[in-house]
Amino acid sequence: MALYSEKVMDHFRNPRNVGKIDDADGVGEVGNAKCGDIMRMYIKVDDNGVITDCKFNTFGCGSAIATSSMATEMIIGKTVEEALDLSNKAVVEALDGLPVHKLHCSVLAEQAVRAAVKDYYDRRGISYDPELFKDMDEEELHHHVGLD
Ligand code: FES
């Protein structure tokens with residue numbers, strides 16, 4: 001059996017929504033402590049709290065690229081609250097699976113989405129339960145990763 005599903009290969013070879021949103025409403029930057037790979041996620045949010053656009057940049061492996069690409073497709077059109085509920089497991093399932101030793105890569109995508117939503121809340125002054133983000137290790141949030 002092939003190590004990577006066709007969907008993973010497709011999103012790796014033709015990643016969707018790569019790039020940057022200059023006037024983003026939220027930007028999330030995260031790093032994966034295990035491998036040192038980093039990712040930046042941008043979201044554009046309308047007045048109803050719906051994510052109308054999402055782009056990402058990464059210095060990451062193929063699995064990180066594929067999961068981020070799929071994650072952006074899954075959250076565009078969703079509310080920020082729905083985006084927070086997106087688990088790396090759901091993204092991996094949508095990609096028809098990842099090898100076990102690459103599962104940690106999918107966490108980067110999930111954390112980047114969550115960091116972008118947190119930044120959106122902070123910028124808009126929207127109050128939230130800090131518990132929502134308590135599993136995000138501040139040390140893994142990189143604020144000057146130089147992806148521009
Ligand atoms: Fe670093 Fe995959 S090996 S994100």
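In listed order, ligands and their atoms are each counted from 1. By convention here, the first residue in the shown sequence is residue 1.
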Problem - Qualifying residue for side chain to side chain contact (heavy atoms under 4.5 Å, CB included) with Ile75, from Val117, Val91, Leu84, Leu86 - result: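 When Val117, Val91, Leu84, Leu86 are each tested with Ile75, the side chain to side chain contact (heavy atoms under 4.5 Å, CB included) holds only for Leu86.
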
Handout entry: Enumerated ligand 1 atoms positioned under 4.0 Å from heavy atoms of Ala64
Key = 4 (S)

Completion exercise
So the atoms of ligand 1 within less than 4.0 Å of a heavy atom of Cys35 turn out to be 1 (Fe), 3 (S), 4 (S)

Exercise for the section: Could you tell me whether ligand 1 has any atom less than 4.0 Å away from a heavy atom of Lys102? Expected result: yes

Exercise for the section: Have a look at ligand 1 and work out which part of Ser63, if any, has a heavy atom under 4.0 Å from it: side chain, backbone, both or neither. Expected result: neither

Problem - Over 12 non-hydrogen atoms of neighbours within 6.0 angstrom of CZ in Phe12 - result: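 Not more than 12 within 6.0 Å, no.
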
Problem - atom 2 (Fe) of ligand 1 reached by Cys105 (N, O or S, under 2.8 Å) - result: yes

Practice task
Confirm or rule out an N/O/S atom of Cys61, from backbone or side chain, lying less than 2.8 Å from atom 2 (Fe) of ligand 1.
Solution key: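 Under 2.8 Å: Cys61 contacts atom 2 (Fe) of ligand 1 through an N, O or S atom.
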
Problem - Check: Ser5/Asp96 side-chain N/O donor and acceptor closer than 3.5 Å - result: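 The answer is no; no qualifying pair exists.
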
Handout entry: Pair Asp122, Tyr128: side-chain N/O donor-acceptor within cut-off below 3.5 Å
Key =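 Short answer, yes.
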
Exercise for the section: Give the residue, atom name and distance (to 0.1 Å) of the protein heavy atom nearest atom 4 (S) of ligand 1. Expected result: Asp37 OD2, 3.2 Å

Handout entry: Nearest-0.5 Å distance, CE of residue Met70 to CG of residue Asn88
Key =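 Between atom CE of Met70 and atom CG of Asn88 there are 13.5 Å.
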
Problem - Cationic N near anionic O, under 4.0 Å, Lys134 to Asp129 - result: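 Salt bridge: no.
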
